[in-house]
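Encoded as structure tokens, the structure appears first; notes follow it.
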Amino acid sequence: MPKIDEKLEPILAQVQRRNAGEAEFHQAVTEVLESLGRVVAKRPDYLDHALIERICEPERQIIFRVPWVDDGGDVRINRGFRVQFNSALGPYKGGLRFHPSVNIGIIKFLGFEQIFKNALTGLPIGGGKGGSDFDPKGRSDGEIMRFCQSYMTELHRHLGEYTDVPAGDIGVGGREIGYLFGQYKRLTNRYEAGVLTGKGLVYGGSRARTEATGYGAVYFVERMLGTRGTEFAGKRAVVSGSGNVAIYTIEKIQELGGKVVACSDSGGYVVDEDGIDLELLKDIKEVRRERISEYAARQSRAHFIDSGSIWDVPCDIAMPSATQNELTGGDARKLIANGVIAVGEGANMPSTPEAVRLFQEAGILFGPGKAANAGGVATSALEMQQNASRDSWTFEQTERRLAEIMRGIHDICAATAEEYGKPGDYVLGANIAGFVRVAEAMRAFGVI
Ligand code: NDP
Ligand code: 2IT
């Protein structure tokens with residue numbers, strides 16, 4: 001394991017003590033602090049004025065009650081969160097996650113990662129994240145709408161196009177953003193399009209935002225493959241999850257001539273040796289909101305497997321695109337034994353620290369989420385740009401910007417890793433390049 005520099009150890013110890021029990025937040029902070037040892041060795045001035053301690057402490061954390069009425073007339077209570085982590089580079093920006101596992105530690109890990117990810121895009125956005133322990137599975141449209149309205153009734157006072165701009169994440173897509181935007185507009189009496197991103201195209205959304213995270217992750221991996229003189233064409237890929245990120249990851253891999261042979265949801269995974277039938281997958285997941293097992297029920301050549309791990313399926317390229325810590329050390333060993341050459345994280349922190357270490361030790365190209373999946377939030381920033389100028393760009397124009405931004409992120413991660421003495425270490429490169437941008441802005445503001 002990389003060691004934490006002794007000057008940074010007290011910072012980690014303090015984070016652990018003050019945020020007891022928040023395992024995912026500790027994990028995310030540990031990884032960044034492991035990278036920063038090389039920075040403070042070169043630039044000890046970054047230790048001044050408690051700069052790093054301040055980056056580890058959210059600027060504001062909002063926790064609130066979300067009462068709503070279910071279809072049976074019963075009152076339900078969920079907990080709402082918004083962690084406004086860092087606004088040095090722009091308004092807080094980051095998604096909302098609705099999933100029963102959500103707690104403050106998960107929102108803080110996501111918000112913390114978002115600071116560096118957003119900095120890497122080079123666009124003017126700070127870092128934040130929010131959500132609720134609400135479980136959308138099995139809920140009617142009416143229940144989803146009433147939940148979103150109640151959630152926004154509290155949250156709206158903390159948002160604004162210059163303050164905090166949420167978007168989607170797990171369990172929050174176009175339908176939810178519509179209900180949230182409608183309630184924000186009604187409560188504030190303002191048509192403030194730039195207050196949320198991931199909006200529908202008829203009311204201020206950006207073309208290519210739906211596709212952006214998946215497409216961007218594939219562009220990132222394509223660029224990593226290029227450093228070894230290879231490409232997606234003819235490669236076998238496995239993509240976990242079957243939500244927004246996974247679907248558009250699969251679409252772009254197929255466009256580039258790769259074959260995706262497996263995808264999943266929390267109930268298990270499907271293997272389709274002829275390549276995932278994307279139209280069928282979209283119909284099951286985007287239109288009908290059904291389980292992935294339905295894929296094998298409707299496509300006779302495919303198999304549904306509800307035991308073991310999707311990472312047992314041999315592949316050249318693995319793109320974990322479901323959730324945190326879904327790819328363990330054991331999974332990494334299996335992937336390496338099966339000859340994987342590249343791993344690109346579509347999800348946030350999907351590989352455990354042991355898995356990351358194993359991939360790096362084996363010399364496998366490894367693109368961490370905060371770099372590889374930054375295309376989603378980057379395109380959100382492009383949506384804000386279109387809203388601010390009351391403009392609407394074409395799909396091609398937006399995708400071209402996305403592709404450029406992903407190339408830029410890849411290249412700054414690679415150049416920074418080289419500059420700090422670990423060429424090819426995209427984890428180090430992403431953490432340091434993101435940190436330096438945020439730290440420089442914070443330093444300019446003085447102690448705030
Ligand atoms: P969706 O809700 O659209 O899809 C999530 C997918 O992951 C579903 O297939 C879901 O299965 C699966 N999944 C979620 N939680 C778990 C779990 N605890 N165990 C197993 N499977 C799980 O979300 P997104 O596609 O938007 O998000 C996927 C990942 O990408 C997340 O890590 C998110 O933070 C990250 N991300 C998303 C971005 C975006 O723009 N949407 C941008 C950057 C990163 P099931 O339906 O069975 O729950
Ligand atoms: O994790 C992420 O980057 C997102 N869920 C997207 C955030 C955004 O504001 O578009």
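This one's a predicted model, so the numbers in the text were calculated from it and none came from an experiment. Counting starts at 1 for both ligands and their atoms, following the listed order.
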Proximity flag Arg209 to ligand 1, non-hydrogen atoms under 4.0 Å | yes
Pair Tyr426, His410: side-chain N/O donor-acceptor within cut-off below 3.5 Å = yes
Closest to atom 46 (O) of ligand 1 among protein heavy atoms sits Arg291 NH1, 3.6 Å
Which atoms from ligand 1 have a heavy atom of Ser321 less than 4.0 Å away?
-> 28 (C), 29 (C)
Check each atom of ligand 1 against the heavy atoms of Ser266 and keep those under 4.0 Å away; list them by number with element.
-> 11 (O), 20 (C), 21 (N), 45 (P), 47 (O), 48 (O)
Could you tell me which atoms of ligand 1, counted from 1 in the order shown, lie closer than 4.0 angstrom to a heavy atom of Gly171?
-> 2 (O)
Looking only at heavy atoms, is any part of Leu110 under 4.0 Å from ligand 2, and if so is it the side chain, the backbone, or both, or is it neither?
-> neither
For atom 4 (C) of ligand 2, which protein heavy atom lies nearest, and how many Å away is it?
-> Lys129 NZ, 3.7 Å
Within 4.0 Å of some non-hydrogen atom of Arg97, the atoms of ligand 1 are 31 (C), 32 (O), 33 (C), 34 (O)
Does Gln114 come within less than 4.0 Å of ligand 2, judged by its heavy atoms?
-> yes
Does ligand 1 have an atom under 4.0 Å from some heavy atom of Gly95?
-> no
Do any nitrogen or oxygen atoms of Ser242 lie less than 3.5 angstrom from nitrogen or oxygen atoms of ligand 1?
-> yes
Report the distance from atom CG of Leu187 to atom CD of Glu154, rounding to the nearest 0.5 Å.
-> 10.5 Å
Contacting atoms of ligand 1, where contact means under 4.0 angstrom from a heavy atom of Lys137 | 45 (P), 46 (O), 47 (O), 48 (O)
If you round to the nearest 0.5 Å, how far is CG of Asn19 from NZ of Lys108?
-> 3.5 Å
Below 4.0 Å from any atom of ligand 1, is there a heavy atom belonging to Ser101?
-> no
Short N/O distance, under 3.5 Å, between Lys129 and ligand 1?
-> no
If you scan protein heavy atoms around atom 41 (N) of ligand 1, the nearest is Asn244 OD1, 3.7 Å
Pick whichever of Ala322, Ala347, Gly243 has a heavy atom sitting closest to atom 28 (C) of ligand 1.
-> Ala322
Is any NZ, NE, NH1 or NH2 atom of the basic residue among Arg139 and Asp71 found under 4.0 Å from an Asp or Glu carboxylate oxygen of the other?
-> no
Nearest-0.5 Å distance that lies between atom NZ in Lys137 and atom CG in Asp265 | 7.5 Å
d(Gln386 CD, Thr197 OG1) to nearest 0.5 Å is 11.0 Å
Tell me, which protein residue and heavy-atom name are nearest atom 24 (P) of ligand 1, and how many Å apart are they?
-> Val245 CG2, 3.9 Å
With a cut-off of 4.0 Å, which atoms of ligand 1 are near a heavy atom of Gly241?
-> 9 (O)
Short list, please: which atoms of ligand 2 are under 4.0 Å from a heavy atom of Ala167?
-> 8 (C), 9 (O), 10 (O)
Those atoms of ligand 2 less than 4.0 Å from some heavy atom in Gly94 | 7 (C), 9 (O)
Given the protein's heavy atoms, is any one of them under 4.0 Å from atom 39 (C) of ligand 1?
-> yes
Does a donor on one side chain sit under 3.5 Å from an acceptor on the other, for Glu399 and Tyr215?
-> no
Val313 and Val261, any side-chain heavy atoms less than 4.5 Å apart | yes
In the protein, what heavy atom is nearest to atom 16 (C) of ligand 1, and what distance, to one decimal place, separates them?
-> Thr323 CG2, 3.6 Å
Between Arg97 and Asp169, is there a side-chain N and carboxylate O pair less than 4.0 Å apart?
-> yes
Atoms of ligand 2, numbered as shown, that sit under 4.0 Å from any heavy atom of Ser380 = 8 (C), 9 (O), 10 (O)
Just need the protein heavy atom nearest to atom 23 (O) of ligand 1, so name the residue and atom and give the distance.
-> Ile170 CA, 3.4 Å
For atom 6 (C) of ligand 2, which protein heavy atom lies nearest, and how many Å away is it?
-> Arg209 NH2, 3.6 Å
Separation of Ile170 CD1 from Ile106 CD1 (nearest 0.5 Å) | 9.0 Å
Indicate whether any N or O donor in one side chain lies under 3.5 Å from an N or O acceptor in the other, for Asn348 and Asn373.
-> yes
Are Glu396 and Arg401 within salt-bridge range, i.e. N to O under 4.0 Å?
-> no
Using distance alone, decide if ligand 1 has a nitrogen or oxygen within less than 3.5 Å of any nitrogen or oxygen in Asn373.
-> no
Flag for Glu211-Asn244: side-chain donor and acceptor within less than 3.5 Å = no
Examine Phe112 together with Phe85 and report whether their ring centres are nearer than 6.0 Å.
-> yes
Before signing off on this row, confirm whether Gln324 and ligand 1 have an N or O atom pair separated by under 3.5 Å.
-> no
For atom 9 (O) of ligand 2, find the nearest protein heavy atom and state the residue, atom name and distance (0.1 Å precision).
-> Lys93 NZ, 2.7 Å
Specify whether Phe64 and Tyr151 have parallel, tilted or perpendicular ring planes, treating 30° as the upper limit for parallel and 60° as the lower limit for perpendicular.
-> tilted
Closest approach of any protein heavy atom to atom 15 (N) of ligand 1, naming residue and atom = His99 NE2, 3.6 Å
When distances are taken from atom 34 (O) of ligand 1, the protein heavy atom at minimum range is Asp169 OD1, 2.6 Å
Mind checking whether Phe98 and Phe147 have parallel, tilted or perpendicular rings, split at 30° and 60°?
-> perpendicular
Taking only heavy atoms of Gly168 into account, list the atoms of ligand 2 that are under 4.0 Å away from them.
-> 4 (C), 5 (N), 6 (C)
With no hydrogens and no angle check, do the side chains of Asp331 and Thr328 hold a donor and an acceptor under 3.5 Å apart?
-> yes
Interfacing atoms of ligand 2 (cut-off 4.0 Å, heavy-atom, Gly95) = 7 (C)
In Å, rounded to the nearest 0.5 Å, how long is the span from CD of Gln397 to OG of Ser392?
-> 9.0 Å
Is Lys285 in polar range of ligand 1, meaning some N or O pair under 3.5 Å apart?
-> no
Write out the residue and atom name of the closest protein heavy atom to atom 3 (O) of ligand 2, then the distance separating them to 0.1 Å.
-> Lys117 NZ, 2.8 Å
Any chance the side chains of Arg65 and Ser150 put a donor and an acceptor closer than 3.5 Å?
-> no
